[in-house]
Structures are given as C-alpha cells and as structure tokens.
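None of the values given here were measured: they were computed from a predicted structure. Counting convention: from 1, in listed order, for ligands and their atoms alike.
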Amino acid sequence: MRALVVGGGILGLFAALHLAREGADVAVLERGEPGEWSRAAAGILEFTRFSINRISARGYPASYLRMALRGDARIRAGAPGARWVLSYLRAWGREPPSGMWEAVRWLGEYSRSEYRAMAEASNDFEYAEEPLHEVGGDVGAALEEARRDPLSPRVEAGECCGMESLVYLDAARLSTGAFISRILGELRGLGARIVRAAALGVRPASGEVLLEGGRTEGADAVVVAAGYRTRALGVPVAPFKGYGFLTGARARAMFVDLRSGIAVVPLRGRSKLTGRFDLDAGGDHSPALRVLRRGREALGDFAVYEMAVGYRPCTPDGFPVVDRVGSVVVATGACRLGWTYAPALGRLAADLALGRGSPGALGAGRFGPPRGVPESVPI
Ligand SMILES: Cc1cc2nc3c(=O)[nH]c(=O)nc-3n(C[C@H](O)[C@H](O)[C@H](O)COP(=O)(O)OP(=O)(O)OC[C@H]3O[C@@H](n4cnc5c(N)ncnc54)[C@H](O)[C@@H]3O)c2cc1C
C-alpha cells in the first residue's frame, strides 16, 4: 500500500509513523524543513487537562480581540476567515457534541502511552513526566473550581519561582527539536521517505496531489496534515501564530505565568520560552520581542540560541478534526494541544487512510453539512 502525507508537522509525522509501522510505503511531502512550524511549541504535554480545549474556543480569541481593540495586535484580513468566525460564534457557549469529552480523553491516554513507549525505547528527546506550575492566578479559587469539575485533572497547591502556584500533576514535557530528529530517524528506519516538495493542491475527488511542474502524484491513500492550510479543504482552521525561543535561562521547574503570559520549560542546559496566544498576537516580529521581554522580566538576562515561528491550527470550537473529504483524509492538528494529542490524531488519520475506524465526534460535520467533494483545491 502506498501512502502520501502532505505536511511534515508533528501530526503528519505521526500519521506517517503509524502508516509505516503497518508496512505502508510512505512518503511525506514537506515544503520546508520537517517540523519547521511545530518545533516552536513549548513542549508541554497536558494529557488530562481537557478544559484547555474550551479555553481555546472562548478565552483566547476574545483576548486577541481585546488586544486588537487596544492597538496591541493586528488581526489580518483573511485570517482566520469568515467561515471560521461564523462557526466560532455558533460554538460560543455551547457544549461540544456528545462523545467529544470521551474522544479527547482517549486522545490524551493514547498519546501518553505512545510518548512513554518511545521514551522507554530510547529517551533521546528529554521526555519527563513532571508537574506543571501555574503562577499568577487565584490558586484557592482554581482549586475550588477543580473540585466541582468532573473532568478536572489532578491539581494541588504548591510553590514555584517564589510564588504560590497551582500544580497540574499529570503533565509531561519534551524537547520539540530533539523529538523531531528522533521521529525522522524512526521513519527513515522504516523506509519512509521525507521529500522536500510543496504540494500545490489536492484533488479530493480522485485522491491525487498536484506538484510543481504540473506533475501529479497518486497513492492508495493521501493524508493532508498541512496545519492551518488544511482549511483549503473546507474545514475551518485559523492560524494562531506563535514564537518559541531556546534560551540559556535557568529555570528549576516547568511553569506558566498567567500575568505575564509566558511558559517556561527547563531542558538540558537550556530552557524553552514561549508566549500565550495574546502575547503572540500581531502580524510582525514585535510580538516575538514582547515574549522575550516578559521572559527576561521573569528570569533575568539570558542568551537566545534559536527562534522558531509556528502556528496553532485552531478550529472554532478548539477541538481537532480528523475526517475524510472525498478520498483524502484531513487532519487539522489540535490548536494549542497539538503536541499533546499528535500521537493519537496521527493514529486516527492513519486508520482512516487504511480504511478502518470512523471520525466519530472528531468529524468535520459539527461545522455544518459537508459541502460536496471539490474536484481540485489549491493548498
Ligand atoms: C508558541 C507555541 C507554543 C505551543 N506550545 C504547545 C505545547 O506546549 N504543547 C502542545 O501540545 N502544543 C503546543 N503548541 C501547539 C502545537 O505546536 C501545534 O498544535 C502543532 O505544532 C500543530 O502541528 P501540525 O502538524 O498539525 O501543523 P504544523 O506544525 O502547522 O505543520 C504543518 C506542516 O505542513 C507543511 N505544509 C503546509 N502546506 C504545505 C504544502 N502545500 N505542501 C507541503 N507541506 C506543507 C508546513 O510547512 C508545516 O511543516 C504550541 C504552538 C505554538 C505556536
């Protein structure tokens, strides 16, 4: 069986890994460096913090809007797109479709077991299950709320960086750069090819990919996991841009600071610094400087070794989509939980490509009836 995966972000790489493990002849088409956009992520894995999905839908876009009104951010016309905004307004305040909480619980469990298994085989990507501290919020109120929420992750009060913290006990972290090298090695070991090529479009009706020079590639299965660009296939996905810095800052614990909007992940000899949606808002590099400035306020001066730019591919309700459009499997990524859920979403995408399983709650139908299968779309 021959499979083509368009997009070598973390989701496309996991879809390719599952397909290659099943014996498929796999090629990943990636327009830039594999993992180029995904490596910006902090690398915090929150397998049991399901409420973040809701926050994605309600809190952050509102915060983006507030910043835009204050003149601190620019929302570029065309992004996130009229269909996205309309679906977002429809999703506002609503419970997700039935089965969604069960589906995301499975995404978390499956993904944790996959990362654990890969780390047990060889922990060359700095995987560690350790608590995530949240500082700068009202810890008492958050604990009270957690006690009332049946989906709450395990939390307790703690201390981090000289401040009272809320501690999420079931978190983990990894080095995104090291993990991308690891998964590429594993893919090559299974005979998969990583091809530097931009797919110019896809033909959902026939399952072909259009390449430069008017060439077309067909396969028994095509998976499109091109981040926010999957929206070309009719699934609403917005590009929430963000910046990740590898720094020489010293941090003793993994923490998120709610007031300054930064996240810090200690790695071997370095630490990863990222900003929250609202810090990352805007269309140029000044938001990147804002993230750095907040980082220096929290951690003192430090060297910067690397900067990566990435996107959080977010649907209007904050939950991912894995579905079929004609004979093509579409996988959107999972907004700010893209790394957390990638092993499981890759598994679902691979299963659909192999003709198994069904999208269930993660189907695109929750954003309205299917629009028919287009002959050809540019991506
Ligand atoms: C600052 C920041 C911090 C984050 N922190 C975390 C975190 O701590 N934990 C977590 O779980 N998630 C986090 N995320 C979210 C996570 O990084 C994303 O959800 C995830 O990377 C999305 O992966 P993806 O593979 O779906 O898409 P992408 O990473 O967007 O990858 C898509 C790939 O497709 C390629 N592509 C696009 N179009 C084409 C084409 N036409 N032809 C060929 N290739 C194409 C692109 O070049 C790209 O490599 C963070 C994101 C950001 C920006």
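Ranking protein heavy atoms by distance to atom 27 (O) of ligand 1, first place goes to G227 CA, 3.5 Å. For atom 30 (O) of ligand 1, the nearest non-hydrogen atom of the protein is W37 CE3, 3.2 Å. Scanning the protein heavy atoms around atom 38 (N) of ligand 1, the nearest turns out to be R229 CD, 3.0 Å. Nearest protein heavy-atom neighbour of atom 45 (C) of ligand 1: R31 CD, 3.1 Å. In terms of protein heavy-atom proximity, atom 50 (C) of ligand 1 is closest to A41 CB, 3.5 Å. Closest protein heavy atom to atom 23 (O) of ligand 1: S38 OG, 3.3 Å. Closest protein heavy atom to atom 13 (C) of ligand 1: R336 O, 3.2 Å. The single protein non-hydrogen atom nearest to atom 9 (N) of ligand 1 is I44 O, 2.7 Å, given as residue, atom name and distance.
When heavy-atom distances to ligand 1 are checked against a 4.0 Å cut-off, C335 comes that close only through its backbone atoms N, CA, C and O. Contact annotation: for A342 versus ligand 1, there are no heavy atoms closer than 4.0 Å. Contacts between Y243 and ligand 1 below 4.0 angstrom, taking non-hydrogen atoms only, involve the backbone exclusively.
Under a 4.0 Å criterion applied to the non-hydrogen atoms of G242, ligand 1 contributes the atoms 1 (C), 53 (C).
Taking the six-membered ring for Trp and the full ring otherwise, the centers of Y110 and F47 sit at least 6.0 Å from each other.
Below 30°, between 30° and 60°, or above 60°: for F125 and Y115 the angle between ring planes is between 30° and 60°, a tilted geometry. Between W92 and Y88, the ring planes are perpendicular. Angles over 60° get that label, and only those under 30° would be called parallel.
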Please walk me through it: do V202 and L210 pass side chain to side chain contact (heavy atoms under 4.5 Å, CB included)?
-> CA-CA 6 Å; V202 63; L210 311 173; over 6 Å; no
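The shell of residues lying under 4.0 angstrom from ligand 1, judged by heavy atoms, excludes A263. Taking a 4.0 Å cut-off on heavy atoms, P313 registers as neighbouring ligand 1.
Within a 6.0 Å radius of CZ in R2, other residues, nucleotides and ligands contribute more than 12 heavy atoms.
When the heavy atoms of E36, R312, E30 are ranked by distance to atom 48 (C) of ligand 1, first place goes to E30.
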